[in-house]
Undergrad: 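Take a look at this one; I'll ask things after.
All values below come from the heavy atoms of this structure, side chains included, with hydrogens, waters and symmetry mates left out. Here is the naming used below: chain letters follow the sequence lines, and residue numbers restart at 1 for every chain.
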There are 2 protein chains.
Amino acid sequence: MGIEIERKFLVKDDRWRSLGVGILYCQGYISSEKGRTVRVRIIGNQGYLTIKGPVSSRVRSEFEYVIPVEDAKEMLETLCDRPFIEKKRHKISLGDLIWEVDEFFGDNQGLILAEVELKDPNQMIEIPDWIAEEVSHDARYFNSNLAKNPYSQWEENKT
Amino acid sequence: MGIEIERKFLVKDDRWRSLGVGILYCQGYISSEKGRTVRVRIIGNQGYLTIKGPVSSRVRSEFEYVIPVEDAKEMLETLCDRPFIEKKRHKISLGDLIWEVDEFFGDNQGLILAEVELKDPNQMIEIPDWIAEEVSHDARYFNSNLAKNPYSQWEENKT
């Protein structure tokens, strides 16, 4: 079992782009109820099955297993809700932290989120100057919710 | 990915008891919605995580992964609905079939179900004479439903 402790932010501009390369992620949810999520993810040619518990004070239990990519493809096709979450994840190492900047596509096109994983929920961190407001506690930005109510459908983003 | 094709029956009497030994199973459900179930199971000192799709004409997709028993215990404790399913599974080999007789305990005490896994949904099988009526299509007998509405709470079983 792992523990996930993370903070999540919007970004101000494109300065993060020069700091890391992006890798494509495709993921879907078999279930996301009562704060528990069951996620199927494909990164490159590897599948992952991940169970997460409810979020409590930035901390969340996480159980992740590597699975055959064929299983992941079949579960995405036949068992996961639509739309899938499609994003390019850019890993950026700054000091002793790794920032993950997720650039979303598909139904969440236009959204960019920066996450940083912490060792301790109260760890002090240096915030890069391309980071904008924190959205850690805004449930709309949970990936499992972006799969149900994607960014392009938010009232303020409708054209 | 696997395909599960099975038929499920009640039993008439105890004749099956002399035909196989029983092993304890404890399992719980992280999710069981829209016909998809996410099950955590412990058999002996091994954990399993199993995803199943909706049942269609006796056939069901099934993805099963071996996981550390510590993960399984922690998921049962912290993420699974109560009550758990506790049962002793007796594997009985008859001809080229393997019958699994599940003797339930806890909130499902009193229930005994015999399952047989088939290679083909229309496979002809020989039914042992200790088998009673078929309940393959009675959703109350799905293990995921026995975890929500256990046998001891069924109207006809209340004393």
Undergrad: Is there a chain of hydrophobic side chains (I, L, V, M, F, W, Y, each step under 4.5 Å between heavy atoms) that links Leu97(A) to Val59(A)?
TA: yes
Undergrad: Heavy atoms, side chains only, cut-off 4.5 Å: are Ile67(B) and Phe63(A) in contact?
TA: no
Undergrad: If you compare all heavy atoms of Gly53(B) against all heavy atoms of Leu79(A), which two are closest, and at what distance to 0.1 Å?
TA: CA-CD2, 3.5 Å
Undergrad: Should we count CG of Leu24(A) as having more than 12 external heavy atoms under 6.0 Å?
TA: yes
Undergrad: Look at atom CG of Asp14(B) and say whether more than 12 heavy atoms of other residues, nucleotides or ligands are closer to it than 6.0 Å.
TA: yes
Undergrad: Hydrophobic clusters here meaning ILVMFWY residues chained together by side-chain heavy-atom distances under 4.5 Å, can you tell me if Trp16(A) and Ile125(A) are in one?
TA: yes
Undergrad: With respect to Ser31(A), which candidate in Lys34(B), Arg36(B), Glu33(B) satisfies the side-chain hydrogen bond (donor to acceptor under 3.5 Å, both in side chains) definition?
TA: Glu33(B)
Undergrad: Does the side chain of Ile51(A) reach to within under 4.5 Å of the side chain of Val38(B), using non-hydrogen atoms?
TA: yes
